[in-house]
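One structure is given here, and the rest of the page talks about it.
Quick note: numbers below take in every heavy atom, side chains included, and nothing from hydrogens, waters or symmetry partners.
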Amino acid sequence: MPLGDPRFGELVPCACARIEAAGQRAARLARYSQIGALARFTFANLIERGRSPQPREQEQYRACVRDARAFAEEPEGWLLLSGPSGCGKTHIAAAIVNRILERGAPAMFVVVPDFLDHLRAAYQPGAEVAFDELFERVREAPVLVLDDLGTQAPTPWAQEKLFQLINHRSNARLPTVVTTNLAPEQIDERLRTRLTDAALARVYLLESRRPAEMRALDVLDHALIREMTFERFDVHGHHLAPDDRKRLENAYRQAMQFAESPDGWLLLMGPHGSGKTHLAAAIANYRRALGETPAFVIVHDLLDELRRGFQSDDARPAHEAFDALKEAPLLILDDLDTQTNIAWVRDRLFQLLNHRHTRRLPTVITTALSLDALGDRLASRLVDHAVCTAIVLGDAPLRDAREAPSRRRGARTSRPR
């Protein structure tokens, strides 16, 4: 068109494109997209809440799906989907590409390790596609999905090519979706600054990276535990004697204070049925409602998992779960009553508690045992008044009745009053 014409510089289909049959165009776009077998992944067959049993992670997944749907209708900016293998991030990314193709627009789906392999092959004489052509085709794609970033071999060459690709698309503001099994802080710094640029990218952490064994141990999503909230707790205890009722009310207040601002440890001691598990679960449910992911583990389940690890040819999963519990932002250990007279049990529990004690990581522990029954090493961490507050419900003894009065006075833990 001549200069000054309103259509000057406008991109228009050529004559052959205008007469191209719809089926031919769809096939051409599918070939360009490289979507292959992932054409079956659409928004229609997507599990909207994701695969996690955690309500907070389900809501995060729903929010990501809503954003992905909007992106597929009008691609703009970047999406970074981070989560462990199997959380559904590739399904979302493929659904975006398939919806764009359905609208008759081009989009490209690239698996990062495969792309880097093709680039290496393009260096060879007689390669089907020259290196420069292949790299430029991906770099300038109107919409690009980079799937499985982080699974490639971390060679300097691979990192440099990825940086060139991502940096170019960042500068050009080309619509891009990236999936990775790495946490954002684990991504190479040069890439991370582009992928998490708040002015361009929206970052979704789709599922926590706790080992599967740890997720299996966590009972916080079990129906009974989920219903143990502060609102459902019988704080008045009308069936109790006046002194026990006062202890219960005070325990409720202290548990609520801990839930509002977890700091240090809370030890809930009392006979079975005294309400200590309910209060521990209420703390966890309160923090989860604020968007956190506390871990609620029954001690005998943990010991069973460790025992299976000892008997297995591959003890790594059990060790990974144990290490994850050591670093959990908030850990609830329920029923610290199991086999504490066995040496290896006390050793493992001491490793866990000592690690959290030295780092002062928020921890809630329930037990029906006295401190003496737990053993000196475990008790030494639980009576540290600088870290741990003990709450005694019912008539459970803090120490065994047979111990010397002078030793009892040295505990410096508190009974509700």
Distance, nearest 0.5 Å, that separates [atom1] of [X] from [atom2] of [Y]:
| X | Y | atom1 | atom2 | answer |
| --- | --- | --- | --- | --- |
| Leu38 | Ser33 | CG | OG | 9.5 Å |
| Thr277 | Leu268 | OG1 | CG | 8.5 Å |
| Thr358 | Leu353 | OG1 | CG | 11.0 Å |
| Arg348 | Leu306 | CZ | CG | 5.5 Å |
| Glu57 | Arg62 | CD | CZ | 12.5 Å |
| His168 | Glu140 | NE2 | CD | 3.5 Å |

### Query
Step by step, would you call Phe71 with Trp78 a side chain to side chain contact (heavy atoms under 4.5 Å, CB included)?
CA-CA 9 Å; Phe71 182 95; Trp78 287 25; over 6 Å; no

Do [X] and [Y] have side-chain heavy atoms sitting under 4.5 Å apart?
| X | Y | value |
| --- | --- | --- |
| Pro294 | Arg288 | yes |
| Val177 | Pro75 | no |
| Val97 | Val143 | no |
| Val219 | Asp334 | no |
| Asn285 | Leu220 | yes |
| Leu382 | Thr367 | no |
| Leu371 | Leu267 | yes |
| Ile166 | Leu146 | yes |

### Query
For Val235 and Leu248, what are the C-alpha separation, side-chain angles and deciding distance, and is it a side chain to side chain contact (heavy atoms under 4.5 Å, CB included)?
CA-CA 6 Å; Val235 68; Leu248 189 68; 5.6 Å; no

### Task
Identify, with sequence neighbours excluded, every residue that meets ring-ring contact (aromatic ring centres under 6.0 Å, His included) alongside His357.
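Per chain and number, His357 pairs via ring-ring contact (aromatic ring centres under 6.0 Å, His included) with Trp265.
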
### Query
What residues form a ring-ring contact (aromatic ring centres under 6.0 Å, His included) with Tyr204, not counting sequence neighbours?
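Listed in chain order: nothing, the list is empty.
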
### Message
I'd like to know whether Asp147 forms a side chain to side chain donor-acceptor pair (under 3.5 Å) with Thr90, so could you lay out the CA-CA distance, the side-chain angles of the two residues, the decisive distance to 0.1 Å, and finally the verdict.
### Response
CA-CA 7 Å; Asp147 189 44; Thr90 295; 2.9 Å; yes

Might you point out which heavy atoms bring [X] and [Y] nearest each other, and give the distance in Å?
| X | Y | value |
| --- | --- | --- |
| Asp335 | Thr366 | N-OG1, 2.8 Å |
| Ile225 | Phe296 | CD1-CE2, 4.3 Å |
| Tyr61 | Gly88 | OH-O, 3.0 Å |
| Phe258 | Ile283 | CD2-CG2, 3.9 Å |
| Met108 | Ala141 | CB-CB, 4.1 Å |
| Leu369 | Leu336 | CD1-O, 3.8 Å |

Using the side chain to side chain contact (heavy atoms under 4.5 Å, CB included) criterion, which residues pair with [X]? Sequence neighbours excluded.
| X | result |
| --- | --- |
| Asp197 | Arg173, Ala199, Leu200 |
| Arg377 | Asp347, Phe350 |
| Glu260 | Met256, Tyr286 |
| Ile47 | Arg49 |

Please collect all salt bridge (Lys or Arg N to Asp or Glu O under 4.0 Å) contacts where either partner lies in [range], sequence neighbours excluded, each pair once.
| range | answer |
| --- | --- |
| residues 94-114 | Glu73-Arg99, Arg99-Glu102 |
| residues 35-44 | none |
| residues 349-363 | Asp263-Arg360 |

#### Entry: Cationic N near anionic O, under 4.0 Å, Arg190 to Glu160
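A salt bridge is present here (some side-chain N lies under 4.0 Å from a carboxylate O).
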
#### Entry: Check ion pair Arg307-Asp304 (N to O, under 4.0 angstrom)
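Salt bridge between Arg307 and Asp304, a charged N being under 4.0 Å from a carboxylate O: yes.
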
Is a side-chain N or O of [X] found less than 3.5 angstrom from the main chain of [Y], in a donor-acceptor match?
| X | Y | answer |
| --- | --- | --- |
| Gln152 | Gly150 | yes |
| Lys89 | Pro84 | yes |
| Ser82 | Leu182 | yes |
| Thr196 | Arg192 | yes |
| Asp337 | Ala368 | yes |

### Task
Please report the C-alpha distance between Lys246 and Asp243 in whole Å, then the side-chain angles of each, then the deciding distance to 0.1 Å, and finally whether the salt bridge (Lys or Arg N to Asp or Glu O under 4.0 Å) criterion is met.
CA-CA 5 Å; Lys246 288 179 182 178; Asp243 286 346; 5.0 Å; no

### Message
Looking only at side-chain N and O atoms, does Arg247 offer a donor or acceptor that is under 3.5 Å from a partner on Asn250?
### Response
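Their side chains do not contain a donor-acceptor pair, so the 3.5 Å distance test is not met.
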
### Task
Verify whether one side chain among Thr42 and Asn98 offers a donor that lies under 3.5 Å from an acceptor in the other.
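No, no side-chain donor-acceptor contact under 3.5 Å.
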
### Message
One pair to check against side chain to side chain contact (heavy atoms under 4.5 Å, CB included): Ile92 and Leu46. What are the steps and the verdict?
### Response
CA-CA 8 Å; Ile92 294 176; Leu46 183 70; 4.2 Å; yes

### Full working for side chain to side chain contact (heavy atoms under 4.5 Å, CB included) between Ile96 and Leu79
CA-CA 11 Å; Ile96 290 172; Leu79 294 177; 4.0 Å; yes

### Task
Provide the full list of ring pair (Phe, Tyr, Trp, His ring centres under 6.0 Å) pairs with a residue in residues 82-110, sequence neighbours left out, each pair given once.
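Those involving residues 82-110 are Phe41-His91.
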
Identify each donor-acceptor pair in which a side-chain atom of residues 322-333 lies under 3.5 Å from a protein atom, sequence neighbours left out, and give them as a table.
from   : atom 1 : to     : atom 2 : distance (Å)
Glu327 : OE2    : His355 : NE2    : 2.7

### Task
For Arg226, check salt bridge (Lys or Arg N to Asp or Glu O under 4.0 Å) against everything at least two apart and list the hits.
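Salt bridge (Lys or Arg N to Asp or Glu O under 4.0 Å) list for Arg226, sorted by chain: empty.
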
### Message
Angle between ring planes, Tyr252 versus Phe233, binned at 30° and 60°: parallel, tilted or perpendicular?
### Response
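Plane angle under 30°, so parallel.
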
### Query
Is it the case that more than 12 heavy atoms not belonging to Glu189 sit under 6.0 Å from its CD atom?
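Open.
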
